[in-house]
Amino acid sequence: MKKTIKSVAAFCAALIAVSTMGTIAPEVEEKPADTAYAADDTNDDWLHAEGSRLYDMNGNEVWLTGANWFGMNCSENAPHGLYAADVDKFLSNVADRGINVIRFPISTELIVSWMEGTPNEVSSVQASYQPPVDEVGEDGTVTPAGAYGNINKDLAEADGKTLKNSEDIFDVILAKCKQYGIKAFIDIHSPDANNSGHDYPLWYGKAGVTTQVWQDSLVWLADKYKNDDTMLGFDLKNEPHGKREYSGTTCPENMARWDDSDAENNWARAATNCADAILEVNPHALIFIEGVEQYPKTDQGYTYDTPDIWQAPADKSPWYGAWWGGNLRGVKDFPITPKSGTSQIVYSPHDYGPSVYAQTWFDKDFTEQTLLDDYWYDTWAFIGDQEIAPLLIGEWGGHMDGTKNQKWMELLRDYMIKNHINHTFWCLNPNSGDTAGLLGYDFYEWDEVKYGMFEESLWQTQESGKFIGLDHQKPLGVNNTGISLNEFYDKYAASEGSNIDGGTKGSDPKPPVTTKAPSNTTAPEKQTTESSTTAASDTLYGDANCDGKVEIADATLILQFLTNKDEYSLSAQGLINADVIGNNDGVTGTDALTIQQVDAGIYKASDLPIKE
């Protein structure tokens with residue numbers, strides 16, 4: 001799938017009132033590797049998967065319904081639109097419209113520049129605060145700060161005109177997402193910073209990016225944001241793709257494949273290794289895995305190494321085709337299974353309509369059922385239907401043309417609502433050539449017709465229409481259109497419910513799995529023998545939160561307890577239950593890993609405790 005991303009420079013020229021200021025990044029002092037960025041006061045909004053659903057740490061169901069904001073993948077090295085819009089007004093506007101998560105496309109090249117302490121230069125961002133402080137004239141007249149220029153103040157240095165570097169600008173944006181109740185995740189859109197970089201099929205091979213560099217940069221980024229639950233996760237590679245060559249005899253090196261081989265272009269292998277590395281530094285991060293473009297008909301005995309598979313005629317193709325990144329048939333044969341289990345894995349296909357490309361399944365008078373039969377189900381929908389993992393449609397969108405493309409969008413929207421499929425619309429930006437966006441070229445005004453179609457798929461209460469955020473404390477937005485996650489489950493879930501699953505009322509929310517410890521106390525690291533004896537009859541190994549079940553929430557609580565005992569505590573019985581491996585050695589990260597392995601089916605709850 002090709003998305004023509006128009007250059008920001010072209011639109012800057014069209015906006016006469018917009019000036020480009022401060023386009024040269026200043027030299028900055030390298031930050032220590034352990035610097036905390038916009039650390040969350042509670043850090044309790046991390047999510048995990050069970051079956052086809054995502055849940056918060058309390059075991060309450062959540063729904064990611066958001067949009068893409070691209071630009072960091074492009075040569076400008078910053079989200080587009082900041083040449084015209086103020087970031088505060090932009091993000092508060094987005095939050096008030098009910099978007100609870102933003103997918104940020106980025107290039108590996110840009111992340112590497114941050115990692116190396118030399119952030120790439122930013123262009124097409126307007127940031128001004130003039131004068132930077134109050135000025136008193138000779139006659140005593142006071143010119144207040146910002147009188148002559150006041151846009152994106154926080155993106156400028158102290159002088160009010162020198163633009164911050166690309167890394168600092170994104171940190172400001174992420175902090176403001178947090179301020180407005182919006183969550184975020186990163187999408188590795190291309191190896192190099194390139195406005196058409198999405199055309200390149202692999203995660204390595206440009207701008208000096210190797211598979212190891214790609215993985216190392218993602219691990220560095222995961223480590224940087226591990227204490228900020230605004231950054232929920234990482235989409236490892238946008239649209240891995242590539243087709244077979246009719247003249248060759250082996251898999252082309254520029255084709256993303258999905259199998260159990262050691263080939264460098266084996267996307268399943270690379271994604272698994274990268275997921276392992278990220279989860280080692282941040283076990284809470286969600287890992288979004290996209291598909292490939294072509295997959296061999298393994299149900300007919302074909303593999304990537306079947307003789308003559310590369311010369312088969314098109315009308316007898318041994319391949320299943322799909323959109324770029326959309327083919328997840330390989331999950332049936334080779335699911336992505338990190339060492340710690342699958343609790344953080346979300347599969348993320350992309351889906352588009354005939355305005356992007358006239359696929360064969362659009363040739364008929366298509367319906368939801370024909371789309372399922374001809375393409376959706378066996379390509380990606382089976383993953384949710386069979387409770388393998390959650391789905392997030394990372395990109396969907398297009399023109400409201402009143403014909404087939406609009407019909408496809410509405411059918412996909414309704415299917416996602418009915419089947420609780422997470423999604424991020426393509427896109428907020430107006431400058432996507434073959435889809436356009438939700439916003440006009442000032443990045444403020446909305447395409448109300450397109451938004452009206454999209455708005456139905458945003459998570460909201462059924463009667464009052466309150467948009468539901470993913471932060472437990474901070475409501476979504478500023479104009480009383482949104483609520484926090486705790487507010488929804490405390491006041492709305494049982495009474496009016498939400499549009500999740502096409503409209504449901506929930507039962508009373510599950511109680512929080514954590515208890516705040518008093519600030520002047522420290523939870524004990526080990527449980528005494530006396531307490532163990534006293535509580536032996538109540539012991540359910542693995543049930544760290546003492547809710548009568550052994551599930552991923554128990555592993556989450558253990559990890560939070562180990563990293564911040566002043567903030568999170570385990571009860572006396574919870575400490576006993578949590579010690580599931582190498583029993584009587586205290587609660588460790590290995591106990592959390594073992595409980596995750598129970599969730600993944602590697603162990604049974606009845607196997608606990610496990611003696612080392």
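Bear in mind that the values here come from a model prediction, so they are computed numbers and not experimental data. Because only heavy atoms are used, hydrogens play no part in the values below, and waters and symmetry mates are left out as well, while side chains stay in.
Shown are F185, F170, Y225; of these, the ring pair (Phe, Tyr, Trp, His ring centres under 6.0 Å) with F104 is made only by F170. Applying side-chain contact (heavy atoms from CB on, under 4.5 Å) to I188 and the options N238, I111, D235 leaves one that passes, I111.
A donor atom on one side chain and an acceptor atom on the other are not found under 3.5 Å apart for Y441 and N431. Using a 3.5 Å distance cut-off with no hydrogens or angles, the side chains of H420 and D501 do not pair a donor with an acceptor. With 3.5 Å as the limit, one finds no donor-acceptor pair spanning the side chains of T481 and N479. No side-chain N or O of W63 forms a donor-acceptor pair with one of N100 less than 3.5 Å apart.
Between W396 and F425, the distance from one ring center to the other falls under 6.0 angstrom. Ring to ring, F70 and W426 are close: their centroids are under 6.0 angstrom apart.
Side chain of E293 to backbone of G242: a donor-acceptor contact under 3.5 angstrom is found. Not a single donor-acceptor pair under 3.5 Å links the side chain of T424 to the backbone N or O of N68. Looking only at distances, no side-chain donor or acceptor of Y444 sits under 3.5 Å from a matching main-chain atom of K89. Under the 3.5 Å distance criterion, the side-chain polar atoms of N486 are left unmatched by any main-chain donor or acceptor of Q473. Using modelled atom types, no side-chain atom of W380 and backbone atom of I393 make a donor-acceptor pair closer than 3.5 Å. Judged by distance alone, the side chain of N429 and the main-chain N or O of G437 form no donor-acceptor pair under 3.5 Å. The backbone N or O of P119 lies less than 3.5 Å from no partner atom in the side chain of S166, so there is not a single donor-acceptor pair. Checking side-chain atoms of E496 against main-chain N and O of E463 turns up a donor-acceptor pair under 3.5 Å. A donor-acceptor pair under 3.5 Å is absent between the side-chain atoms of Q344 and the main chain of I287, judged by distance alone. Looking at D56, its side chain does come within 3.5 Å of a backbone N or O of N58 through a donor-acceptor pair.
Between I102 atom CD1 and D187 atom CG the span is 13.5 Å, to the nearest 0.5 Å. A distance of 5.5 Å separates CG of L438 from CH2 of W446, quoted to the nearest 0.5 Å. The NE2 atom of H399 sits 8.5 Å away from the CG atom of D401 when rounded to the nearest 0.5 Å. Rounding to the nearest 0.5 Å gives a distance of 14.0 Å between CD of E109 and CE of M72. In this structure, OG in S92 is found 11.0 Å from CG in L476, a value given to the nearest 0.5 Å. We find the CG-NE2 distance between N73 and H80 to be 7.0 Å, quoted to the nearest 0.5 Å.
Under the 4.5 Å side-chain criterion, counting only non-hydrogen atoms from C-beta, W323 is not in contact with T379. Side chains of W69 and I99 form no contact here, defined as non-hydrogen atoms less than 4.5 Å apart. Between I336 and Y347 the shortest side-chain heavy-atom distance falls below 4.5 Å. Residues R413 and E456 form a side-chain contact, since some pair of their non-hydrogen atoms from C-beta on lies under 4.5 Å apart.
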Check your understanding: Can Y352 and E395 be said to form a side-chain hydrogen bond (donor to acceptor under 3.5 Å, both in side chains), step by step?
Key -> CA-CA 8 Å; Y352 281 98; E395 293 182 16; 2.7 Å; yes
Exercise for review: For the pair K164 and D171, evaluate salt bridge (Lys or Arg N to Asp or Glu O under 4.0 Å) and give the outcome as yes or no after the intermediate values.
Suggested key: CA-CA 11 Å; K164 290 183 176 180; D171 284 339; over 6 Å; no
Practice item. For side-chain contact (heavy atoms from CB on, under 4.5 Å), just list the numbers for S457 and I417, CA-CA rounded to whole Å, side-chain angles, deciding distance to a tenth of an Å, and then say yes or no. Key: CA-CA 6 Å; S457 67; I417 294 171; 4.2 Å; yes
Point to revise | Criterion side-chain hydrogen bond (donor to acceptor under 3.5 Å, both in side chains) on Y180 and D88, from CA distance to verdict | key: CA-CA 9 Å; Y180 298 116; D88 275 293; 2.7 Å; yes
Practice item. Starting from the C-alpha separation in whole Å, work towards a yes-or-no answer on side-chain contact (heavy atoms from CB on, under 4.5 Å) for D223 and K226. Key: CA-CA 5 Å; D223 188 57; K226 65 184 178 185; 2.9 Å; yes
Point to revise | Check against side-chain contact (heavy atoms from CB on, under 4.5 Å), N419 and L391 | key: CA-CA 10 Å; N419 293 278; L391 287 163; over 6 Å; no
Check your understanding: When you look at K183 and D229, which way does the salt bridge (Lys or Arg N to Asp or Glu O under 4.0 Å) test go after all the steps?
Key -> CA-CA 8 Å; K183 296 301 182 182; D229 58 11; 3.4 Å; yes
Check your understanding: Yes or no on side-chain hydrogen bond (donor to acceptor under 3.5 Å, both in side chains) for H350 and E290, after CA distance, side-chain angles and deciding distance?
Key -> CA-CA 8 Å; H350 293 178; E290 298 189 33; 3.3 Å; yes
Review point. After noting the C-alpha distance and the side-chain angles of Y204 and Q215, does the key distance pass the side-chain contact (heavy atoms from CB on, under 4.5 Å) rule?
Key: CA-CA 10 Å; Y204 62 91; Q215 178 175 304; over 6 Å; no
Point to revise | Evaluation steps, salt bridge (Lys or Arg N to Asp or Glu O under 4.0 Å), between E448 and R97 | key: CA-CA 11 Å; E448 296 293 353; R97 290 283 183 148; 2.9 Å; yes
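Under a cut-off of 6.0 angstrom, the local environment of OH in Y148 is sparse, with at most 12 non-hydrogen atoms contributed by other residues, nucleotides or ligands. The number of heavy-atom neighbours closer than 6.0 Å to NZ of K491, taken from other residues, nucleotides and ligands shown, is 12 or below. Residue-environment remark: NZ (K153) stays at or below the threshold of 12 foreign heavy atoms within 6.0 Å. The environment of E445 atom CD is sparse: at most 12 non-hydrogen atoms of other residues, nucleotides or ligands sit within 6.0 angstrom. Other residues, nucleotides and ligands contribute more than 12 heavy atoms inside 6.0 Å of the OH atom of Y377.
Here the closest non-hydrogen pair linking L371 and L411 is CD1-CD1, 4.0 Å. The two atoms that bring I289 and L328 nearest to each other are O-CD2, 4.1 Å, heavy atoms only. Here the closest heavy-atom approach between residue P390 and residue N422 is recorded as CB-ND2, 4.3 Å. Across all their heavy atoms, P430 and G440 have their closest contact at CG-O, 3.6 Å. The shortest non-hydrogen separation linking L236 to A271 is CD1-O, 3.6 Å. Heavy atoms only, all atoms of each residue included: A158 and P132 are closest at O-CB, 3.5 Å.
Between H284 and W46, the ring planes are parallel. Angles under 30° get that label, and only those over 60° would be called perpendicular. Taking the six-membered ring where tryptophan is involved, the planes of W459 and F488 are perpendicular, since the angle between them exceeds 60° and thus also 30°. A perpendicular orientation is assigned to the rings of W408 and F362, their planes being inclined by more than 60° (bins at 30° and 60°). The aromatic rings of F454 and H423 lie perpendicular to each other, with more than 60° between the two planes, well past the 30° mark.
Seen from the ring of F366, K407 counts as a face-on cation partner, given the 6.0 Å and 45° thresholds.
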